[in-house]
Amino acid sequence: ICPKTSRNLPVTRAKPDRRIARTQQSLHRSLNTLILEKGYEATTIKDIVSHANVGRSTFYAHHGSKEGLLLSGLQHLHTALLAQRKEALAASAGTNAPVLAFSYVFFEHVHEYRDVFLALVKNPTGPIVTRKITRMLADVVRHDLRSTKPEGRTDKVPRGAVVQFTVDALFSILLWWLDHNPKLSPAEADAIFRRLTLPALAAAGLT
């Protein structure tokens, strides 16, 4: 799942080597294509480098393994979601910034790669992908809530419980959307998530 090609994700300010960027995009696109054609388990590194027209030594230098390539795509998404929160804070001048401002970008990204996402979570690799995504979301939510209100002893609900609840709600709505209501737009799915989650955050004193 490579977010670098998505028009909806924040644009990073850094200027990486263009050849490296093109190689990474080619590898991720090839992995996505092969997952849909053959499945993740049946796809080999040989398949990936052949499809991407990239040398095997180059692949190993950047990723080391097929799983490394897969998880690097999720790491790019993690960085983009944190960047989205920073942009929301900057736009609000640090006051009254929307809580969970990253969620719509997340739904949009998954929608763009929905076929790849479903192919991954519904095969033997599913637990690996799910754990990685939930850990990524927990980190983003933790940063988000911290910028809204620093954690303290006077919190109505332990912060860890709030983070866990929010991540579980987000992932549950995501799977419900993809499995049962795929015609909903990312904005509609995000609105449902926020409608259910924000009152709970308010009850915890975080909105």
Closest non-hydrogen atom pair between [X] and [Y], with its separation:
| X | Y | result |
| --- | --- | --- |
| Ala52 | Leu27 | CB-CD2, 3.9 Å |
| Gly205 | Lys149 | O-CD, 3.6 Å |
| Phe193 | Ser103 | CE2-CB, 3.7 Å |
| Asn32 | Tyr113 | ND2-CE2, 3.7 Å |
| Pro127 | Pro124 | CD-O, 3.4 Å |
| Gln84 | Ala101 | CG-O, 4.0 Å |

(request) For the pair Asn123 (side chain) and Ala119 (backbone), establish whether a donor and an acceptor sit closer than 3.5 Å, ignoring hydrogens and angles. (result) yes
Look up atom [atom1] in [X] and atom [atom2] in [Y], then write down how far apart they are to the nearest 0.5 Å.
| X | Y | atom1 | atom2 | result |
| --- | --- | --- | --- | --- |
| Leu145 | Thr166 | CG | OG1 | 6.0 Å |
| Phe171 | Thr134 | CZ | OG1 | 6.5 Å |
| Leu137 | Arg142 | CG | CZ | 11.0 Å |
| His51 | Thr33 | NE2 | OG1 | 4.5 Å |
| Lys132 | Leu77 | NZ | CG | 11.0 Å |
| Asp115 | Leu178 | CG | CG | 9.5 Å |

Give every residue pair that meets the salt bridge (Lys or Arg N to Asp or Glu O under 4.0 Å) criterion with at least one member in [range], sequence neighbours excluded.
| range | result |
| --- | --- |
| residues 175-184 | Lys122-Asp179 |
| residues 53-76 | none |
| residues 159-178 | Asp155-Arg159 |
| residues 192-207 | none |

(message) Evaluate Phe106 against Asp190 for side chain to side chain contact (heavy atoms under 4.5 Å, CB included), listing each step before the verdict.
(response) CA-CA 9 Å; Phe106 178 71; Asp190 181 55; over 6 Å; no
Are [X] and [Y] close enough that some pair of their side-chain heavy atoms sits under 4.5 Å apart?
| X | Y | value |
| --- | --- | --- |
| Ile35 | Phe117 | no |
| Trp176 | Leu184 | yes |
| Val129 | Tyr40 | no |

With [X] via side chain to side chain contact (heavy atoms under 4.5 Å, CB included) - residues at least two apart:
| X | result |
| --- | --- |
| Ala204 | Val157, Val162, Leu206 |
| Ala202 | Thr207 |
| Ser50 | none |

Residues two or more places apart in sequence or in another chain: which of them pass ring pair (Phe, Tyr, Trp, His ring centres under 6.0 Å) with [X]?
| X | result |
| --- | --- |
| Phe107 | Trp177 |
| His78 | none |
| Tyr104 | none |

(request) Determine, stepwise, if the pair Asp139 / Leu82 fulfils side chain to side chain contact (heavy atoms under 4.5 Å, CB included). (result) CA-CA 9 Å; Asp139 185 67; Leu82 289 175; 4.1 Å; yes
(message) Please evaluate residues Glu188 and Ile192 with respect to the criterion side chain to side chain contact (heavy atoms under 4.5 Å, CB included), reporting the C-alpha separation (whole Å), side-chain torsions for both, the decisive distance (0.1 Å), and the verdict.
(response) CA-CA 6 Å; Glu188 290 171 321; Ile192 292 171; 5.6 Å; no
(message) Going by salt bridge (Lys or Arg N to Asp or Glu O under 4.0 Å), name the residues that satisfy it together with Asp47, two or more places apart in sequence or in a different chain.
(response) Lys38
(message) Once side-chain hydrogen bond (donor to acceptor under 3.5 Å, both in side chains) is applied, do any residues pair with Asn53, and if so which ones, sequence neighbours excluded?
(response)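 Partners of Asn53 under the side-chain hydrogen bond (donor to acceptor under 3.5 Å, both in side chains) test: none.
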(request) Please check if Val141 and Phe165 belong to a single hydrophobic cluster, counting links between Ile, Leu, Val, Met, Phe, Trp and Tyr side chain heavy atoms closer than 4.5 Å. (result) no
(message) Among Gln24, His62, His28, which residue satisfies the side chain to side chain donor-acceptor pair (under 3.5 Å) criterion with Ser72?
(response)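 Checked Gln24, His62, His28 against Ser72; only one passes side chain to side chain donor-acceptor pair (under 3.5 Å): His28.
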(request) Show the numbers, then the answer: is there a side chain to side chain contact (heavy atoms under 4.5 Å, CB included) between Ile173 and Thr197? (result) CA-CA 10 Å; Ile173 294 300; Thr197 307; over 6 Å; no
